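In what follows, a single structure is set out as structure tokens and then discussed.
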Amino acid sequence: MSFQAVKGTRDFYPDAMRLRNWITDAWRRVSLRNGFEEFDSPIFEYLDLFAAKSGPEIAEQLFSFTDRGGRNLAIRPEITPALARMVNARINALPRPIKWFSIPRLCRAENPQKGRLREFFQWNIDIIGEDSPLADAECVFVAIDAMRELGLTAGEVAVRYSSRALTSRVLAAVGVTVADVPAVLAVLDKRAKVPAEAFAEMLAKAVPDEPARQAIGRFLQIDNPMGISADQLAGLVGIQADPQIAAAQRDLERFARGLEDFGAAEWCRYDSNVVRGLAYYTGIVYEVFDRDQSLRALAGGGRYDNLLEVLGGPKVGGTGFGMGDVVLGILLEEKGKLPADLRNPRLDFFVVDGLEGQLGKVLEVVGALRRAGLSADFSYKSQPVGKQLKEANRRGAARAAIVKQDVVTVKNLSSGVQQDRPLAEFLDKPT
RNA sequence: GUGGGUGUAGCUCAGUUGGUUAGAGCACCUGGUUGUGGUCCAGGGGGUCAUGGGUUCGAGCCCCAUCAUCCACCCCA
């Protein structure tokens, strides 16, 4: 009888674990320096929490089960509902804006393929209780800050953003009913992913009215809706000017200016094709992509002003993004960004028995080093100095401490330089 | 759920129209050599050739089924 890891899951052997930590450590570092606090939630929740946010169909796409008390539970496929739940529970006590981050382990019952597994880690950055588009801009800045931290450049990844508020209002203005807007948005989301004819066909099905379709086409051509007035935009599309459209434009404009002030503008551009699926987004939305666009999105996010309310809280808006470890890992690997020294664990000292037969003294030295906060290891086997140094080298030790009668020879294993020191002194002050 | 590709050692892969006890490199273990390491040499462990059936005198190789995995579609919080 032999077992293997479940479909779509990964074992993290030490090599892979170092890589995972390298990424999550960077996420954590970046979060903290941008003023975010870490939180976490249980790995399973009531199924209804996810169903309330995403509809009952979601149950098919997550791992759910019934506990012995008859409760319907599910492993979290995302952490945002839990975030909303936690914030709602203390909404009046938390100082705002609430800037929180998390690096949860998530599971989704989908078929695995490139960049998509059934279990993964996802970095989440959220700002709740701040309506200004500057909060959205700050989130994008944080995403870019992380890209840079991991060694990626503006030539390798890009952020594409748009405004769901603007797009929705324009659709309404050309005559798409409120009920049909989600379906049309779903079609727009396909624009860059399917051939032009296929897109035209899908759009014709969703919007039977020919003039309305042409107006939508004109809107999609606009590549700088924040650089023109509401009247100009209305004129270009062929619709009536609308205060809500003007408001959405102003938000986009403040968002774009914020990105510029943050020094992040070169990473970002407006793209009307960005819609973000059928999610709960209400305002600015964005995705981070590799420039070659050979992979899935590295991250996606946007503003969600109704989510807390939908989950039983007050109408407090939020904005944020999620970034998964899988696609990011593939991109970093493909671009050769993984640091070479991830191959070896760091070891400050490897303690060598220089006289073969005084393991006790070796342990004494190892203990002293470890108490001093240095990483140190040794060989269990009694063997010649040469073999021990071979092991030290294999273990990636920076230095070897060769213990003799009353002397320790400290050898730098990269330069080969070595120096004798009295044992007592070394034990007292190893560095 | 649908379609396609691939399954031989821990990893990357050889394996001739089907022909004895299935191989290499890397990794691992042991020993030797190098003044105290990175080199080099020798040896070793490890494979029911994914699984089950079939064809054949004979199957890693051909056929069928199953399973796994990868890629794409659906979906994508």
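If you're wondering where the values come from, they're calculated on a predicted model, not measured in any experiment. Basis for what follows: all heavy atoms, side chains included, without hydrogens, waters or symmetry-related copies.
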**Message:** I want to confirm an ordering. Mapping A:V194 and A:G8 to their closest nucleotides on RNA chain B, which one lands closer to the 5' end?
**Reply:** A:G8
In whole Å, what is the span from the [atom1] atom of [X] to the [atom2] atom of [N]?
| X | N | atom1 | atom2 | result |
| --- | --- | --- | --- | --- |
| A:K114 | B:C70 | NZ | C1' | 11 Å |
| A:Q113 | B:U69 | CD | P | 14 Å |
| A:R108 | B:C76 | CZ | P | 11 Å |
| A:Q4 | B:U69 | CD | C1' | 8 Å |
| A:R296 | B:A77 | CZ | P | 10 Å |
| A:L298 | B:C76 | CG | C1' | 15 Å |
| A:L62 | B:A77 | CG | C1' | 10 Å |
| A:Q388 | B:U34 | CD | P | 17 Å |

**Request:** Enumerate the residue pairs fulfilling ring pair (Phe, Tyr, Trp, His ring centres under 6.0 Å) with a member in residues 362-402 of chain A, sequence neighbours excluded, ordered by first and then second residue.
**Result:** A:F378-A:Y380
**Request:** Can you check whether any acceptor in the base of B:C71 is under 3.5 Å from a donor in the side chain of A:R116, or vice versa?
**Result:** no
Pairwise [atom1] distance, [M] and [N] [rounded to whole Å]:
| N | M | atom1 | value |
| --- | --- | --- | --- |
| B:C13 | B:U8 | P | 10 Å |
| B:U34 | B:C70 | C1' | 46 Å |
| B:G58 | B:U2 | C1' | 40 Å |
| B:A22 | B:A59 | P | 13 Å |
| B:U6 | B:G10 | P | 23 Å |
| B:C11 | B:C28 | C1' | 12 Å |
| B:C49 | B:C57 | P | 23 Å |
| B:U21 | B:U36 | P | 48 Å |

**Prompt:** Quick one: what's the B/S/- string for nucleotides 35-43 of chain B, heavy-atom cutoff under 4.0 Å, read 5' to 3'?
**Reply:** -BBB-B---
Please tabulate, one pair per line, each protein N/O and nucleotide N/O from nucleotides 1-3 of chain B that are separated by under 3.5 Å, including the distance.
| residue | atom | partner | partner atom | Å |
| --- | --- | --- | --- | --- |
| B:G1 | N7 | A:N111 | ND2 | 3.3 |
| B:G1 | O6 | A:N111 | ND2 | 2.5 |

**Complete:** Intra- and inter-strand pairing of RNA chain B, written as dot-bracket with Watson-Crick and G-U pairs under 3.5 Å and | for the latter, reads (((((((..((((.....[...)))).(((((.......))))).....(((((..]....))))))))))))....
**Asked** Out of curiosity, A:K335 NZ to A:E156 CD, how far, rounded to the nearest 0.5 Å?
**Response** 5.0 Å
**Separation between CD of A:Q244 and OG of A:S168, rounded to the nearest 0.5 Å** = 10.0 Å
**Item:** By ring-ring contact (aromatic ring centres under 6.0 Å, His included) - contacts of A:F321 (at least two apart)
**Value:** A:W123
Test: [X] and [Y] ion pair at under 4.0 Å:
| X | Y | result |
| --- | --- | --- |
| A:R96 | A:E130 | no |
| A:E287 | A:R276 | yes |
| A:E78 | A:R108 | no |
| A:E334 | A:K114 | yes |

Between the protein and nucleotides 27-30 of chain B, list the N/O to N/O atom pairs that are separated by less than 3.5 angstrom.
| residue | atom | partner | partner atom | Å |
| --- | --- | --- | --- | --- |
| B:U30 | OP1 | A:K381 | NZ | 2.8 |

**Request:** Would you indicate what A:Q61 reaches in the nucleic acid, counting non-hydrogen atoms under 4.0 angstrom: base, sugar-phosphate, or nothing?
**Result:** base
**Prompt:** Taking atom types as modelled and ignoring hydrogens, do the side chains of A:T9 and A:E119 form a donor-acceptor contact shorter than 3.5 angstrom?
**Reply:** no
**Item:** Test item: side-chain donor near acceptor, A:N124 and A:S102, under 3.5 Å
**Value:** no
**Item:** Least distance between heavy atoms, A:L47 atom then A:L62 atom
**Value:** CD1-CD1, 3.6 Å
**Asked** How are the rings of A:Y286 and A:F255 set relative to one another: parallel (under 30°), tilted (30 to 60°) or perpendicular (over 60°)?
**Response** parallel
**Message:** Would you call the rings of A:F12 and A:F121 parallel, tilted or perpendicular, taking 30° and 60° as the class edges?
**Reply:** perpendicular
**Prompt:** Just wondering, more than 12 heavy atoms not from A:E60 lying within 6.0 Å of its CD?
**Reply:** no
**Message:** When you measure from the side chain of A:R213 to the backbone of A:V207, do you find a donor-acceptor pair of N or O atoms at a distance under 3.5 Å?
**Reply:** yes
